[in-house]
Protein chains: 2
Amino acid sequence: MAETPGVVRITDVAALAGVSPSTVSKALNDTGSLRPATRARVREAAERLGFVPDAQARSLSARRSFTVGLLSTDSAGRFSLPVVLGAENALVGGQISALLATARHDPVREQHHVRSLVARRVDGIIVTGRTTDPRRPIQVPMPVVYAYSPSQDPQDASVVPDDTAGMAAVGRHLLSLGRTRVAYVGGRADQAASTLRHAALAATLAERGVTLVGEPLFGEWSERWGRLAVDLVLGDHSPGEPLPVDAIAFASDQLARGGCDRLRDRGVRVPQDVAVTGYDDWDVMALASRPPLTTVDPQLDRLGQRAAELLLAAIDGRPAHGTELSPPRLVVRGSTAGDT
Amino acid sequence: MAETPGVVRITDVAALAGVSPSTVSKALNDTGSLRPATRARVREAAERLGFVPDAQARSLSARRSFTVGLLSTDSAGRFSLPVVLGAENALVGGQISALLATARHDPVREQHHVRSLVARRVDGIIVTGRTTDPRRPIQVPMPVVYAYSPSQDPQDASVVPDDTAGMAAVGRHLLSLGRTRVAYVGGRADQAASTLRHAALAATLAERGVTLVGEPLFGEWSERWGRLAVDLVLGDHSPGEPLPVDAIAFASDQLARGGCDRLRDRGVRVPQDVAVTGYDDWDVMALASRPPLTTVDPQLDRLGQRAAELLLAAIDGRPAHGTELSPPRLVVRGSTAGDT
DNA sequence: GGAAACAAGGAATCCGTTTTCCGTACCGTA
DNA sequence: TACGGTACGGAAAACGGATTCCTTGTTTCC
C-alpha cells in the first residue's frame, strides 16, 4: 500500500506522531522509557510513512557500518557462489548488508577490492575461493573469516567442507551394498579435493580390510577425463567377461557423468555391474546423468551461513580461531541404488 | 610491501607530509592550486601509509554514497549471475561498490531488500531476474536499470538479450550450410525465451522461402525433454531410411545436449545427418556435448556491463528510457561444422 | 504533600573528508 | 622601497540524520 516516497526522515515521523525525534528513536529501538501508547503511535506513524532509518547516520552513532565484504577470489563460480549466497542470506537476518567484490584470480584486483572494503569501513570480511587449497591471508584491521578456501595461517578462522566425512560416507555406502572391488578416479592431482577424497575413501575401505583396485587415477575435472578413466579401469574388457571392479568412486559429478556415459557405451550396466558415485551434488550433472548419480552434497550454502555466523560473532567480540569442518550429506540415487 | 595498518586518516598523511588536511585533500583530488612539489610529497606520504579516504565521510560531503544495489529476484542463478558479475565489474571502474541483495523469488524478501537499499542511500539499483519475461517495476527514489528481466513499464530503462538477433544468426547459419528441413525445440511454452526464439527462427527461414518442419515443440528446460523431443521429431524412423529433418534448432544448450545424446543413441550422425544448435553457450553443456555444440552466446556479462553504464549515466543526470537490446554472438562448433 | 519514578523534549554528539574562504609570502613593476 | 596581484596553503565550517545524554515537566504512590 504505502509506497516509499522521496526520503522519509525521523523528523517526518516525529511530526506525524506529534512527538520529538528523540522519542521516535526510543520508540523504534525499544530504549528509554515511554508510554506504550506513545510507542504504538510512533510505530504506526513510521509504518505509514515507510520510514527506514538512514544507515549512514546510524553507523555514525554506532561506530559500525553494518556492512560486511564478500571477497571472492574466484569470479563467484560454481563453488564460491553458493557460499556467497548462504552468507548473504545469514547476514540479512542480522540487519547487515553485503558488499560484493570479485577478484577473478587477479591479485591486483583483489588488493584493490580489499582497499575499497577497508575504505568503506566494513565490519568484517568473508573470503571465498575456487578450491579447498589454503590461500594467503589478507591483512586488514577487521575480522575475517575464510570460507571454502582456508587461510594458510591456522590461527585465522576458516570454514571448509568436510571432504573426509563425505567420502567416508560414500565408502560406507558402497560397502553396505556389498561392493568390495572399488576404483577411485580423481581430478587434478595437485588439488586437495582430489587427494583428500582419495585418502578418505582408502581409509574407510581399509577399516573393513578392503583395498582400492589399482592406483588412484588423477587427471582433470572434466567429463572427458571421466570417460577416459573408465577406459583405463576397464582395460580391454569385453562384454561377458568378468569385470575388474564392481564400483567406481569419482571425485566429482562431472567425472562421474562422463564415466556413466562411457560405461553405457561399453555395455556395462550401472548400477547392476558397476556402481558409480559422484561428488558435489551439482544438479545439472547429477540429475541429468543416466542413471542419476549417488553423490555427496557439500551443503555449501550452510557452509557460507556458518562463515557468516562466525564473522558476526567475531564482530561481536567473540572471535573464532582455527579451521572448522562443515558437514556434507550423502545423496543416494540410481547410480548405486538400483531404483531410479 | 606497505601493509594497511589499523586505520590511516587524512590527518596522518598531513602530519607525515608536513601540511594541513585540506592540502592533502587538494593534492589527492587534483583540486585547488598547489605546487607540484607539494602535491608529489603528499602523494608519496599517502602511498607510504596506504591511505584510503573514508568512504562514509566522503559520501557525507559528496551527498552520494558511491554505492549501487544489485537486486537479484533470482538467487543469482545461472542467468542473473553473469549479469551481476558484468555489472559489478563495470562499477568497480567507476569507483563504485556493489551491494548484493538476492530475493529468491520471495516478494517479501524483495521488499525488505529494496528498503534496505533505500536506507543505505544507494545511488542507483540494477534489477535482474531469472527470465526475460517482463517484471513489475520497483518504486524507489533513485535511478533503476532493469537487466535481463525488463520492466513492465516501457518508460523504465531496461537491457535485455537480443534473442531475435541470436536465433536469426542460427537460422542464417543453418541455411548457409544448405539445411532446409529444420525443426525447432523450445522449453516452457509460457516463456518469452521459447516463443521469441521460435518466431525469430521461423521469420529468418521464411525470408528464403523455407518453413519449419512440423509444429514447434515446447516442453521444459531439461536434457530429458531434449531427448524426448528428438523422438517426437524422428518418429518411428529407423536407420537407413531418409530422415524427416536435416537440422534441429534447440532453444537451450541443455535441450541440445539431450538431443545429441538421443540422436547418437538412435544411430543418427551429428552433424552429417542432422545439424544441431543450442543456445546460451553454457560451457559445461556446450563443450561436454558430443559433438560440442554450435550455440549462441548471449554475452550476459556485457549485458550487465551495459546496464551498469546506463545506471552510471542516469546517476550522472542522463537517464535512459526504454528497452535496449544487447547483442549475442554465434559460436560455431562441431554440432554443425563437421570438424571438431 | 513530598519524593520517587516516569515521559518526553532540547541539544550535543558521532565521524573524517571536502570546501569555502582568508592570510601570507613572493614576485614584478612603479 | 612600496604596492598590487597572484600563487600557495591553512583554519574552520559544512556535510547528514539518528542517537543519547541531560534536563524539565508530570504522574503516582505512600
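This is a predicted model, so every value here is computed, not measured.
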For [X] and [N], what is the distance between atoms [atom1] and [atom2] respectively, to the nearest whole Å?
X: B:Gln56; N: C:dT18; atom1: CD; atom2: P; result: 14 Å
X: A:Lys26; N: D:dC22; atom1: NZ; atom2: P; result: 13 Å
X: B:Leu34; N: C:dT19; atom1: CG; atom2: C1'; result: 13 Å
X: B:Ile10; N: D:dA14; atom1: CD1; atom2: C1'; result: 15 Å
X: A:Arg63; N: C:dT13; atom1: CZ; atom2: P; result: 12 Å

*Return the 5'-most residue of the pair B:Ser20, A:Phe51 with respect to DNA chain D, ranking by each residue's nearest nucleotide.*
B:Ser20
_Does C:dC6 have its OP1 or OP2 closer than 4.0 Å to a side-chain nitrogen or oxygen of A:Ser33?_
no
_With a 4.0 Å cut-off on N to O distance, would you call B:Arg41 and B:Glu44 a salt bridge?_
no
_Check: A:Ser149/A:Arg130 side-chain N/O donor and acceptor closer than 3.5 Å_ = no
*Regarding B:Arg104 and B:Thr73, is there a side-chain donor-to-acceptor distance under 3.5 Å anywhere?*
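Checked: B:Arg104/B:Thr73 side chains show no N/O donor-acceptor pair below 3.5 Å.
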*Kindly say whether, by distance alone, the side chain of A:Ser61 makes a donor-acceptor pair under 3.5 Å with the base of D:dT19?*
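Answer is no: no donor-acceptor pair is held.
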*Is any side-chain N or O of B:Ser22 under 3.5 Å from a base N or O of D:dA11, one able to act as donor and the other as acceptor?*
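Between D:dA11 and B:Ser22, which were checked side chain against base, a qualifying N/O pair under 3.5 Å is present.
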*asked:* Does B:Arg136 have more than 12 heavy atoms from other residues, nucleotides or ligands lying within 6.0 Å of its CZ?
replied: no
_Side chain of B:Arg35 only, heavy atoms from C-beta on: which candidate in D:dT19, D:dC8, C:dA8 is closest?_
D:dC8
*Determine the contact category for A:Thr38: base if any of its heavy atoms lies under 4.0 Å from a base atom, sugar-phosphate if only primed atoms, P, OP1 or OP2 are that close, otherwise nothing.*
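Sugar-phosphate, backbone atoms only, no base.
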